2 protein chains.
Amino acid sequence: MRPNARAALDSFRKPAFLKPMRDAKPNKERSPKKPASAERQPGVRRSDAARIPGASVHTSLASEIGLRIVRGDYPPGTILPNEAKWSETFSVSRSAVREAIKMLMAKSLLASRPKIGSWVEPKERWNLLDRDVLAWYATSPDREVFLKTVQEFRHIIEPEASAFAAMRRTEEQMAEISQACREMGEAASLQERTRADTRFHLAILRASGNDLLVPLGVLIESAFDHLFTFTTRAVDDLNHVQKLHEAIEKNIRLQRPDAARAAVRKLLANTDNVIKSR
Amino acid sequence: MRPNARAALDSFRKPAFLKPMRDAKPNKERSPKKPASAERQPGVRRSDAARIPGASVHTSLASEIGLRIVRGDYPPGTILPNEAKWSETFSVSRSAVREAIKMLMAKSLLASRPKIGSWVEPKERWNLLDRDVLAWYATSPDREVFLKTVQEFRHIIEPEASAFAAMRRTEEQMAEISQACREMGEAASLQERTRADTRFHLAILRASGNDLLVPLGVLIESAFDHLFTFTTRAVDDLNHVQKLHEAIEKNIRLQRPDAARAAVRKLLANTDNVIKSR
DNA sequence: TACGCTCTATTGTCAGACAATATTGCTTTC
DNA sequence: GAAAGCAATATTGTCTGACAATAGAGCGTA
């Protein structure tokens, strides 16, 4: 990687891509020990928000462009800057740009044709249930709406998933569910608790016996990530929530689909209240 | 593209990638008018199954590798052949291979690290709700199971989506739904009818007012694609199905969520029977 | 006006080089 | 002999520069 590529990727996070760029043309003498961050000009704001320290250039680039698209910088139908332009803007090679674009094409955010360029696909084609796209989508102007949408979706999915789990879970899957439930109760920190909570719900999806429900786990993960902000929960509330989870666990264990469904509905109603009361 | 690249892509469809390859090293004189298909050795079976005539090399490659992974040729955890190997196997450049792999990484089928290589991700991480992955998945050994899974999923999603649509549809969205319903009735061919049918269900998802439901349309499309085989339907059955659709349309129009939900359930039950009776 | 030609901008594909990385096995040391 | 550090090595990551294929745009001609 050219020494200042990552830096450029950072500094251009917010101010759009139109900014003039010093050092646009190749540095012939590949400088040995990157003084990149040292020689960054002071005026450029260095955003740490979407910084991905260990990530490769094309991955970072894909995140950057993907975020811009989802955010609405380039509305559907817009022709994006061409590959050479991106390459110049971020001081990365065209190959890196292409690999980034290929990733976005795989998520149906983009499509392209020779001589035309790359354009943003209509929103309906976006694969919103993709982990990355969802993450970009979640950074939208107001999280409130996003959270509401995800929560509504959970109401559709999770009760039925639990009912199926009650009917079809194997002993192994049951053990996973039970363990996650137990670990929720025993968790020392709230973060640890949230992780166990996530595992609990994902395990139920897996136990539902429908392969297509499993990928929806990303939604739950995303929901918990953003619900984590609503961290101000009283202890007795936590106890109550734990009881609700245990009720679900019990009804799946006893193979009572209807009761399991009802128990999940109760839990979701509780979560609704937590969100609403904010 | 090297003249015989596409041909190699084809001929290697089934026989795995271990086969010896003539013409592995670059042809210096870029031959002007590809005699590719002419000089293909007779023994190699040329599969037309997953042939994508207009597609680019990296897209075809991604389909080929993706299909193999989903099909189970490389179980999760397996380290794939390295980039150079793929490149040699299919007589394409390493860049093309990389772009293909990047696309599969974007779908969470793969991950990679330097010095290790690329490996197949655990199945739970696969984005099964992705259009391509779903298509590959649908070519699995027995379609029966796939169809059953999708149909079950529709039972979870569509009744609720319709209920929401009944509550929140705009006039424009209603018009879309009604038009699709009408065109179903007036369709001349069965294919035309199926297309209208698909549009009908997708329009309902859009009208539900929940952005996350829209991407699930790929499932419906896929279901109809594969249901299309069950094409032996009597005329009076078609009439009955049309009535069921009209009931849905009516209840959404009259903004009756519960009735809309019930109407969808009825339609799905009918579809269940069609599938079962095969 | 309609058709067809050329021009040209953009993605698609190729080739070859070097960098970064982390496993593997070797070597050293205790 | 075991543990720790070190070097060798295989693989992906990145860059560069070239040419091919494609299809829109503009022009000229019938």
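Quick caveat, the model's predicted, so the values are computed rather than measured. Below, chain A is the first sequence line, B the second, and so on; all start at residue 1.
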Among residues 101-110 of chain B, which ones have heavy-atom contacts with DNA chain D below 4.0 Å? Lys102(B)

When you measure from the side-chain N and O atoms of Arg98(A) to the phosphate of dG12(C), is any distance below 4.0 Å, counting only OP1 and OP2? yes

Should Ser112(B) be listed as having a side-chain N or O under 4.0 Å from OP1 or OP2 of dG13(D)? yes

Distance alone, cut at 3.5 Å: any donor-acceptor contact between the side chains of Ser63(B) and Ser60(B)? no

Which ring-ring contact (aromatic ring centres under 6.0 Å, His included) pairs, counting each pair once, include a residue from residues 99-136 of chain A, with sequence neighbours left out? none

So how far is it from Asn127(B) CG to Lys107(B) NZ, rounded to the nearest 0.5 Å? 8.0 Å

What protein N or O atoms touch nucleotides 23-27 of chain C N or O atoms at under 3.5 angstrom, if any, and at what distances?
| unit_1 | atom_1 | unit_2 | atom_2 | d |
| --- | --- | --- | --- | --- |
| dT23(C) | O2 | Lys115(B) | NZ | 3.2 |

Greater than 12 external heavy atoms within 6.0 Å of Glu186(B)'s CD: yes

Heavy-atom nearest nucleotide on DNA chain C taken for His58(B) and for Pro114(B); more 5' hit belongs to His58(B)

Sugar-phosphate, base or nothing in reach of Ser95(B), heavy atoms under 4.0 Å: base

Does any non-hydrogen side-chain atom of Lys102(A) lie less than 4.5 Å from one of Arg98(B)? no

Can you find a pair of side-chain heavy atoms, one from Glu183(B) and one from Glu192(B), that are under 4.5 Å apart? no

Could you tell me whether Glu176(B) and Arg199(B) have a side-chain N and a carboxylate O separated by less than 4.0 Å? no

